[in-house]
Protein chains: 2
Amino acid sequence: MTSVSTEPRNTDDAASTGAQTSAPTGGSAAQRERRRRILDATISLAAEGGFDAVQMRAVAEQAEVALGTLYRYFPSKIHLLVSALAREFTKDVDRSAIRATPGETAHERIMYVLNRRTRALQKQPKLTEALVRAFMFADQSVTGEIHEVGTSLTTVIARAMHGTPDHGEVTEEEAAIIRIISDVWLSALISWVTGRMDEKDVEKSIDVAVRLLLR
Amino acid sequence: MTSVSTEPRNTDDAASTGAQTSAPTGGSAAQRERRRRILDATISLAAEGGFDAVQMRAVAEQAEVALGTLYRYFPSKIHLLVSALAREFTKDVDRSAIRATPGETAHERIMYVLNRRTRALQKQPKLTEALVRAFMFADQSVTGEIHEVGTSLTTVIARAMHGTPDHGEVTEEEAAIIRIISDVWLSALISWVTGRMDEKDVEKSIDVAVRLLLR
DNA sequence: CCCAAGAGTGAAACACGTTCCTTCGTGAGT
DNA sequence: ACTCACGAAGGAACGTGTTTCACTCTTGGG
């Protein structure tokens, strides 16, 4: 958390070395395996004890890698958590591609996917707290991972809007609406995580936003 | 940052001891003076070097109080920064009460106040980074201060919406719209602070949101 | 089969938020 | 003026994120 602006190592050019931060696919099998273990450990610790429980030493131990190795893979705790979030979100996107979203209207379908996701997050409050905190704290060096998260959320909402798994055309206005909905969702999630809103409030605030935006 | 949920000391009942966290007014003159010095030091350090530069030891030194005293007044760095943010925002609200907001339409007036505030923040990027980060990281124990910030923002937008300094009636729907605008503004600010949006993007995203919501 | 280079290891060290303890100064009540 | 309670001072100490470094292991090319 300390040096946010400095950030020399790991130029991130994907081409450079190997299984770096934003390269979930590159590297040897052993490296992908290590990366997976690290992210698993992260999720597991976060699910148990939230942001504070994701301690780098603990992650390293549980993933059975050395602390130095952990830092080679993820240059900071924030990168680690945001990457974990990205991985989970990506899973969701894959699932949403399988079949059409239920619901008669765009409003219903959007609420369906967002509520489903919201409830999933709320079932693991500690995990969500950790991930949202990390997301909020992320600085420029995490842009890649964050963009990944944003994209998958946009994709899911766009699909729900149209009601079909294919992406089709998204107009400028639709894109703007989706961004706003995402913003509201994120804000609500923050409020929930920090104890300023309860589950009902979250759902309601998104519902209102969607209604106002789709009219 | 470490113990977020535990938090024994300082039961915050305002009645208890004195110049505590959420009591800008109570306490002896010397205590109010200390509090002021602490917040001044916070703003000053934040303006120079951002979140990371607001180090508790440095704040204590610059405010000429002991570290222990600093912690007596503000139980964590987050409380400290959010309190500072609240103080600055409150000043703004006071100013906005003075005269009617310029602009023909609600859209214009809202953009006017939000852009003005946005630009003010952007003139002090480091300070803004520090304050936004703190705001994001705040947990339940900071609810009071955060609510204060939220309220003043709402007030300012409501005034701009109606174009008059008096608060008048705010309908349910208007309140909902204001909340959404605040959410978008906050998200944009986060994106800006974390280097994922530039000044233009911030303005544009708010403009689009206001347009979509006020049509 | 051997070697150089890169990856991984482990431990120590550092930085900074936070806690804790001990001592001092001061103002209110007597 | 005396004492007592309490806020403040000052600083040591602790926890955890991050860095560094010397060393070992793995691996792919000759």
Side-chain angles (χ1 to χ4, degrees), chain A residues 1-10 16-21 23 26-35 37-38 42 45 49-61 63-81 130 133-134 137-139 141, chain B residues 1-10 16-21 23 26-35 37-38 42 45 49-61 63-81 130 133-134 137-139 141:
Chain A
M1 206 134 303
T2 311
S3 61
V4 167
S5 42
T6 71
E7 194 255 29
R9 64 150 65 172
N10 188 7
S16 60
T17 40
Q20 249 49 344
T21 303
S28 70
Q31 284 170 334
R32 280 197 305 281
E33 173 62 14
R34 266 193 207 92
R35 190 188 148 93
R37 284 208 311 275
I38 292 173
T42 303
L45 286 168
F51 187 90
D52 287 348
V54 181
Q55 299 183 359
M56 301 306 267
R57 292 172 178 84
V59 171
E61 188 180 354
E64 298 182 280
V65 300
L67 188 54
T69 306
L70 173 53
Y71 271 95
R72 178 185 295 277
Y73 279 71
F74 300 95
S76 80
K77 175 170 173 172
I78 299 298
H79 283 81
L80 175 58
L81 279 166
R133 281 251 162 93
F137 219 76
D139 74 335
S141 69
Chain B
M1 209 135 301
T2 311
S3 60
V4 167
S5 43
T6 70
E7 196 257 29
R9 65 151 63 171
N10 188 8
S16 60
T17 39
Q20 250 48 346
T21 302
S28 70
Q31 284 169 333
R32 280 198 304 281
E33 174 61 15
R34 266 193 208 93
R35 191 187 148 92
R37 283 207 314 272
I38 292 173
T42 303
L45 286 168
F51 187 89
D52 287 348
V54 181
Q55 300 183 0
M56 301 305 267
R57 290 172 178 85
V59 172
E61 188 179 354
E64 298 182 281
V65 300
L67 189 54
T69 306
L70 173 53
Y71 272 94
R72 176 183 295 278
Y73 280 71
F74 301 94
S76 79
K77 174 170 173 171
I78 299 298
H79 282 82
L80 175 58
L81 279 166
R133 281 250 159 92
F137 219 76
D139 74 335
S141 69

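Chain A is the first sequence line, chain B the second, and so forth, proteins listed ahead of strands; every chain is numbered from 1. Excluded from the calculations below are hydrogen atoms, water molecules and symmetry mates; all remaining heavy atoms, backbone and side chain alike, are included.
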Check: Rounded to the nearest 0.5 Å, how far does CZ of R133(B) lie from CG of L81(B)?
Finding: 11.5 Å
Next item on the list: Answer with base, sugar-phosphate or nothing: what part of the nucleic acid does E61(B) contact at a heavy-atom distance below 4.0 Å?
Entry: nothing
Item checked: Options dA12(D), dG17(C), dG17(D), nucleotide nearest the side-chain atoms of R57(A) -> dG17(D)
Checklist line | Interatomic distance where CD belongs to Q31(A) and P belongs to dC25(D) [whole Å] | finding: 19 Å
Margin query: By nearest atom, which of the nucleotides dT9(C), dT16(D), dG17(C) is closest to the Q55(B) side chain?
Written below: dG17(C)
Item checked: Shortest non-hydrogen contact between R34(A) and T69(A), atoms and distance -> CD-CG2, 4.3 Å
Check: Under 4.0 angstrom, heavy atoms only, what part of the nucleic acid is V54(B) near: base, sugar-phosphate, or nothing?
Finding: sugar-phosphate
Notebook entry, point to check: Whole Å only: how far is the CD1 atom of I78(A) from the P atom of dG17(D)?
Noted result: 10 Å
Notebook entry, point to check: Taking CZ from R72(A) and C1' from dC21(D), how many angstroms apart are they, rounded to a whole number?
Noted result: 13 Å
Margin query: If I take atom CD from residue E33(A) and atom CD1 from residue I38(A), how far apart are they, to the nearest 0.5 angstrom?
Written below: 10.5 Å
Note to self: Of the listed nucleotides (dC16(C), dT9(C), dA8(D)), which one gets closest to any side-chain atom of A66(A)?
What the structure shows: dT9(C)
Margin query: Return whichever of R34(B) or L67(B) has its heavy-atom-nearest nucleotide of DNA chain D closer to the 5' end.
Written below: R34(B)
Margin query: If you only use heavy atoms from C-beta on, which nucleotide in dG17(D), dT18(C), dA8(D) is closest to the side chain of K77(B)?
Written below: dT18(C)
Check: Quick check: does any side chain N or O of E64(B) sit under 3.5 Å from a backbone N or O of E61(B), one acting as donor and the other as acceptor?
Finding: no
Notebook entry, point to check: What nucleotide, of dT9(C), dA8(D), dT18(C), holds the atom closest to the side chain of T69(A)?
Noted result: dT9(C)
Note to self: If I take atom CG in residue L70(B) and atom P in nucleotide dG11(D), what distance separates them, rounded to the nearest angstrom?
What the structure shows: 16 Å
Note to self: So if I take every side-chain heavy atom of Y71(B) and compare against dG7(D), dG17(C), dT19(D), which nucleotide ends up nearest?
What the structure shows: dG17(C)
Check: Could you give the CE-to-P distance, from M56(A) to dG17(D), as a whole number of Å?
Finding: 7 Å
